[in-house]
Number of protein chains: 2
Amino acid sequence: MVARAAAGAAAEPGSDLGPEPVPGPGPGSPAGVSPIGAAPALHVRVSDDLKRRLRAGEWQPGERLPTEAELSAQYQVSRATVRTSMKLLQAQGLTQTRHGSGSYATPFGDAIRAGLQELRSVTATIAEQGHEPGMAYRSATFRTADDDEAQRLGVPPGSRVLALERAILSDGQVVAFSYDWIPADVLPDGFVPEDLGGSTFAFLDRGGDTRPLHAVAELHSVRSSQIGWDDARPADGLYLLLDQVHFASQGRAVMHSRIYFIEGRFQFMILRTR
Amino acid sequence: MVARAAAGAAAEPGSDLGPEPVPGPGPGSPAGVSPIGAAPALHVRVSDDLKRRLRAGEWQPGERLPTEAELSAQYQVSRATVRTSMKLLQAQGLTQTRHGSGSYATPFGDAIRAGLQELRSVTATIAEQGHEPGMAYRSATFRTADDDEAQRLGVPPGSRVLALERAILSDGQVVAFSYDWIPADVLPDGFVPEDLGGSTFAFLDRGGDTRPLHAVAELHSVRSSQIGWDDARPADGLYLLLDQVHFASQGRAVMHSRIYFIEGRFQFMILRTR
DNA sequence: GAGTGGTCTAGACCACCCT
DNA sequence: GGGTGGTCTAGACCACTCA
């Protein structure tokens, strides 16, 4: 059985050539230098390059992309890898694929972006939408987690947690009130609240093994006069609540957030696909 | 080159054996008969069976599932197929996978399911959560689209649209009020409202080129006494509004829906990843 | 260092679209 | 009927985890 001796072996380990179509269209491109660390997976590089070409307008909305076989030849990768890349594009709503016909650039394109399914900090989302994010801390105190809170975070009842209360701003206007709880053992030794800086997300990222990878979010409609503070509160007391627990590797819960978005001040978009 | 003569060829076409672990746990199960039409893909059957076993409690939350190699042997499929199945489970938040360690049943479990990012009909979501979906039409009438409506659907102002008003039920209880608009030219010749049947989604699916592939959804918190009808309305008038336009192939808008979910009666979950 | 998931390849056949 | 995407297999090597 089994022919093919020298098969297997993915892309040569040393191949640090950035994403680029091999015999492709333009002449030798400047090759986007990969910063440090491990190179992204092949299918990610291919996908990134296809994104670049889409942005560059190589295929207009509705236009058909090259066939999988053609892309496979262009990038010198297997068709399976091309297919994985195409899946990424589809998931981001950049292309549509029709069985027996081909893959097409979607008419939407840039419009999307603020998708809820992608785990990003609120401030990052605001920035990406072209606004100036801001943050106003109201308090940052250590407390003892009550039973309910401990359960959400998967820590023993009575554990210490850092409780935060913040207002999230966009172009100087309050768009949300955020209540966060972070288990004390997630924080580094000698931590003081000042270390948090602007984004808790960025802070957890720096921790290495506390980097949030997933969040399980629940959505609710809430009306209350008890949420928020000062005159930033909306008159009607109407909020969209994003109640989420963030998980790092190992399935470790690193933060529980309840973000009350003031209805009408923040755009919530979701691209739904199947 | 190329050994293996009788390779390739997926599962024997005739194999209508429902999803079941081959040498697996329980003794020969009654094999859920697949109704009509094409059998689901192998990886879907495997995935469905794993879901069944998860529901049955074969692996408790946090517990490790068998390795990919083991599952590959159990189901007599390639590891690649097992991996595709696992991806489905992950996307639905039922399992988490840790590189070098294994796949684990999530601590969330059943709660999830209603993942917003997956485009499914509300009735399908209800059914998948183990409840009995229902639908009560209040009206189905042809109207002239106003400018705003026409723009959302990408049809000329003044076009005819079918306007629907429905209540969505779960186990006999109203969980949402739905207002839908479908361009008349999406409907087949000789259409009468009775053709709609239970799910508009299923109806559009039958149309071939009207099958919804994407939806761009917006979320809002709404409080109003004008939504809904009869005594099914909640006292506080609080709703979570899912305002979405469905697109079929070619980027054609085929339906605009505003679904007002009664706060507290429907679980909205999103698995956010990066 | 053994075990487990992550990535990638080459090849095969099927289902669907279009001309 | 030819072309295109959809599914599946077998095999290989790599990266990570954990005892």
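Order of the sequence lines fixes the chain letters, A, B, ..., with proteins taken first and strands second; residue numbering starts at 1 for each chain.
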Is it the case that more than 12 heavy atoms not belonging to A:Gln151 sit under 6.0 Å from its CD atom? no

Among the nucleotides C:dC8, C:dG6, D:dC8, which one has an atom lying closest to any side-chain atom of B:His43? D:dC8

NA contact type, B:Ala80, heavy-atom cut-off 4.0 Å: base, sugar-phosphate, or nothing? base

Take B:Lys87 and B:Arg64, find for each the nucleotide of DNA chain C with the closest heavy atom, and name the residue whose nucleotide sits nearer the 5' end. B:Arg64

For B:His99 and C:dG6, say yes or no: do the ring centres fall under 5.5 Å of each other while the ring planes differ by less than 30°? no

Among the candidates D:dC8, D:dG6, C:dT9, find the nucleotide nearest to the side-chain atoms of A:Ser78. C:dT9

Taking the minimum atom-to-atom distance to the side chain of A:Leu42, which one of C:dG5, C:dT9, D:dG5 wins? C:dT9

Between B:Leu89 (CG) and C:dG5 (P), how many Å, whole number? 13 Å

What integer distance in Å separates B:Met86:CE from C:dG6:P? 9 Å

Below 4.0 angstrom from OP1 or OP2 of D:dT9, is there any side-chain N or O of B:Thr81? yes

Among C:dC18, D:dG5, D:dT9, the one nearest A:Thr67 by side-chain distance: D:dG5

Length of the CD-C1' vector between B:Glu68 and C:dG6, whole Å: 8 Å

Both B:Gly100 and B:Val77 contact DNA chain D. Taking the nearest nucleotide for each, which residue is further toward the 5' end? B:Val77

Electrostatic pair B:Asp48:B:Arg45 at N-O distance under 4.0 angstrom: no

Could you tell me the separation between the CG atom of A:Leu71 and the P atom of C:dC8, rounded to a whole number of Å? 16 Å

Between C:dT7 (P) and A:Arg45 (CZ): distance, integer Å: 12 Å

Could you tell me whether a side-chain N or O of A:Ser257 sits under 3.5 Å from a main-chain N or O of A:Gln244, the two making a donor and an acceptor? no

Could you check whether the side chain of A:Arg79 and the base of D:dG6 have a donor-acceptor pair of N or O atoms closer than 3.5 Å, going by distance alone? yes

Rounded to whole Å, the OH-P distance (A:Tyr104 to C:dC16) equals 17 Å

Please list, chain by chain and in numerical order, all residues satisfying salt bridge (Lys or Arg N to Asp or Glu O under 4.0 Å) with A:Glu68, sequence neighbours excluded. A:Arg79, A:Arg83

How close or far is atom C1' of D:dT4 from atom CZ of A:Arg83, stated in whole angstroms? 10 Å

B:Thr97 has a side chain; which of D:dG6, C:dG5, C:dC8 sits nearest to it? C:dG5

A:Lys87, NZ: over 12 other non-hydrogen atoms inside 6.0 angstrom: no

